[in-house]
There are 2 protein chains.
Amino acid sequence: MTQSAARATIADVARRAGVSKATVSRFLNHRETLLSSEIAQRVEVAISELGYTPSPMAQALKRGRSRLIGLVLADITNPYSVAVLRGAEMACRAAGYLVMLFNLGNEIERESAGIRALSSYRVEGYILNTMGHDPGAVMETARQGKPVVLVDRLHAGLDVDFVSLDNRQAIDLCATHLIEAGYGELLLATEPLGTVSSRIERVQEFQAFLATGAAGRTRGQYFESAAGDDAALDAALRSLSTRARKGGRLPAVISSNAVVTLRVVAAMARLGWRLGEDIGLVGIDETEWAPYVGPGISTVSQPTGELGRWAAQCLIERLDGGAAAPRRILLPGTLNVRGSSRPAAAGKHS
Amino acid sequence: MTQSAARATIADVARRAGVSKATVSRFLNHRETLLSSEIAQRVEVAISELGYTPSPMAQALKRGRSRLIGLVLADITNPYSVAVLRGAEMACRAAGYLVMLFNLGNEIERESAGIRALSSYRVEGYILNTMGHDPGAVMETARQGKPVVLVDRLHAGLDVDFVSLDNRQAIDLCATHLIEAGYGELLLATEPLGTVSSRIERVQEFQAFLATGAAGRTRGQYFESAAGDDAALDAALRSLSTRARKGGRLPAVISSNAVVTLRVVAAMARLGWRLGEDIGLVGIDETEWAPYVGPGISTVSQPTGELGRWAAQCLIERLDGGAAAPRRILLPGTLNVRGSSRPAAAGKHS
DNA sequence: TTGTATGCGTTATCAA
DNA sequence: TTGATAACGCATACAA
């Protein structure tokens with residue numbers, strides 16, 4: 001325990017125990033098969049006396065496998081991503097893997113840099129939650145022959161395991177709840193679609209829902225809300241309200257994720273509208289603040305921890321040799337009803 | 001570029017360029033000193049043709065230094081921590097270091113595990129934002145002779161660089177603002193003090209402020225709010241209100257961080273009080289939702305990115321040989337005034 | 001059952 | 001200026 005600055009190596013242990021390095025290594029890796037007599041004892045005490053821990057770097061170099069799993073996050077600032085990270089981390093830890101994180105910080109051009117960095121550390125597989133803007137980068141992972149699992153966002157041309165919220169179920173949940181609550185003119189507000197599969201899918205499922213009998217005479221549109229453009233959002237909201245009034249319906253917004261939910265909330269302040277009364281709102285993504293903004297914001301919680309856990313699970317199974325066809329794992333969301341989707345006295349909006 | 005599964009090694013490059021491994025290594029590391037003639041050319045093209053990248057693991061093994069910096073976070077779920085992480089990451093990247101993250105997930109008993117894991121990867125220094133509950137673990141870093149910088153939380157007996165919000169300035173900012181806004185009976189609500197230096201410091205600075213002339217006839221107390229115990233918080237708030245009424249003052253809360261701010265907000269809902277009117281509130285830690293909860297919540301923003309940047313900076317300077325005495329870097333917060341600290345019509349609370 | 005020798009991908013020391 | 005070679009810490013094939 002009382003050790004000088006440098007970490008003990010396997011040679012130190014061997015010397016101290018009066019055995020060879022190979023024996024120490026065997027004690028560490030093949031304890032059961034090549035059992036030693038009382039030499040194991042000596043090695044064991046030497047190890048604990050020296051506080052010896054094998055160097056994962058040297059092990060990786062020798063074995064060709066690192067017990068590292070690479071996790072690429074588009075934006076660690078996003079609570080969704082962090083929650084997924086936690087789930088994945090726990091599953092990996094349980095399986096003896098360490099998660100090596102690479103945060104893109106929303107700089108899509110770093111996508112390949114991230115994968116290269118992880119690759120240089122010989123990670124054994126990748127969990128990707130990126131923009132998918134740099135197909136070359138992601139293809140590189142496939143080329144390496146290392147397993148990949150995508151979270152939340154599909155990549156064109158990459159046929160691998162995929163773990164995500166069941167967007168159809170989530171959209172259905174939002175829409176039917178809103179309709180049952182009395183709202184009849186819907187707007188799906190989303191971040192700009194771009195190539196992000198989850199955004200696109202939510203819009204498509206929304207449109208599919210509207211085309212269904214379940215929608216009744218409900219009408220709906222969608223709107224892409226860009227980061228700085230408050231005016232466009234306000235206009236879309238006003239237009240929604242106008243359509244609703246003309247049709248004798250109550251207007252409501254489904255926001256496609258927490259970022260957009262916050263934008264809609266901000267718009268309420270600008271427009272002087274009250275959630276639930278002047279307009280309905282249910283947002284995908286539960287947040288800690290949802291219960292306390294306005295009358296409380298109705299949300300659909302994603303099973304974020306589970307998503308991360310599943311992602312890790314998929315990867316680890318493939319690492320263990322499971323070679324089935326790519327899986328698609330879609331987990332359901334759960335609805336949290338709050339004031340933002342309770343029309344107070346039936347449409348008293350101006 | 002067109003490569004088989006395995007990554008190219010320095011030997012591949014050497015073979016391709018028709019030189020020795022040593023030459024390739026020199027090209028990579030000592031380009032200026034031992035300049036080669038047109039051999040450099042050959043090496044250069046071979047490298048790019050093969051898409052060769054040195055293995056950081058092998059480099060670390062040989063050099064004894066990893067260009068890795070270990071970052072231990074108490075809870076990555078906390079936006080404060082993530083913001084610090086981002087700042088630190090950017091500074092490290094600029095200096096050619098990679099951040100290796102270890103998240104404690106608030107499990108304090110993992111503190112030593114985290115440091116050991118990082119240590120096994122031969123990180124060259126540590127940025128620590130932990131509970132400090134496991135002194136042994138942290139001492140271990142010191143024993144290793146590797147530089148350490150503490151963020152937000154001091155550790156007893158560990159005399160190293162420290163980067164943090166200027167708690168005195170922040171508390172003064174909150175208190176004087178509240179007083180100027182007309183509030184005279186203050187309550188500092190904090191998470192249980194335990195051994196967390198930042199919490200303790202904020203309480204002490206609060207008490208110091210009250211003892212000062214600046215406080216005038218203002219009175220104040222502090223309250224430790226435990227995670228599940230809503231009743232205690234409600235009681236503390238009611239008692240605050242009672243004291244205020246008796247003294248003919250307006251009551252206000254300073255919440256010590258974002259977690260507590262949210263608890264106070266939740267209490268408002270339970271008690272049926274309105275922020276700003278029935279009670280004032282200013283919280284340390286800016287959040288994305290602060291503008292939209294109730295009348296908007298006044299906050300003090302921490303310069304989180306800067307904190308992270310400074311932490312990395314300190315570490316890197318020591319890594320480069322700077323051996324001065326431990327530094328204390330205290331950065332000021334900035335006040336964001338919103339509705340929660342604007343008494344509407346002078347104390348119309350019951 | 002244990003020890004010796006070799007190699008993983010690098011860098012650094014020495015000769016050439 | 002360049003090329004063998006040893007060594008970093010470890011795991012394993014082989015020999016003892």
Distance-only donor-acceptor pairs under 3.5 Å for side chains of residues 80-101 of chain A, two or more places apart:
residue : atom : partner : partner atom : Å
A/S81   : OG   : A/N129  : ND2          : 3.3
A/Y97   : OH   : A/R65   : NH2          : 3.4

Does the side chain of [X] reach to within under 4.5 Å of the side chain of [Y], using non-hydrogen atoms?
X	Y	value
A/D75	A/L104	no
B/L71	B/F102	no
B/R42	B/R16	no

### Query
Just checking, any donor-acceptor pair under 3.5 angstrom between side chains of B/T130 and B/R153?
no
### Query
Within this structure, what is the CZ-to-C1' distance between B/R15 and C/dG9, rounded to whole angstrom?
13 Å
#### Entry: Nucleotide-resolved protein contact map, nucleotides 7-14 of chain D, B/S/- at heavy-atom distance under 4.0 Å
BBBBBB--
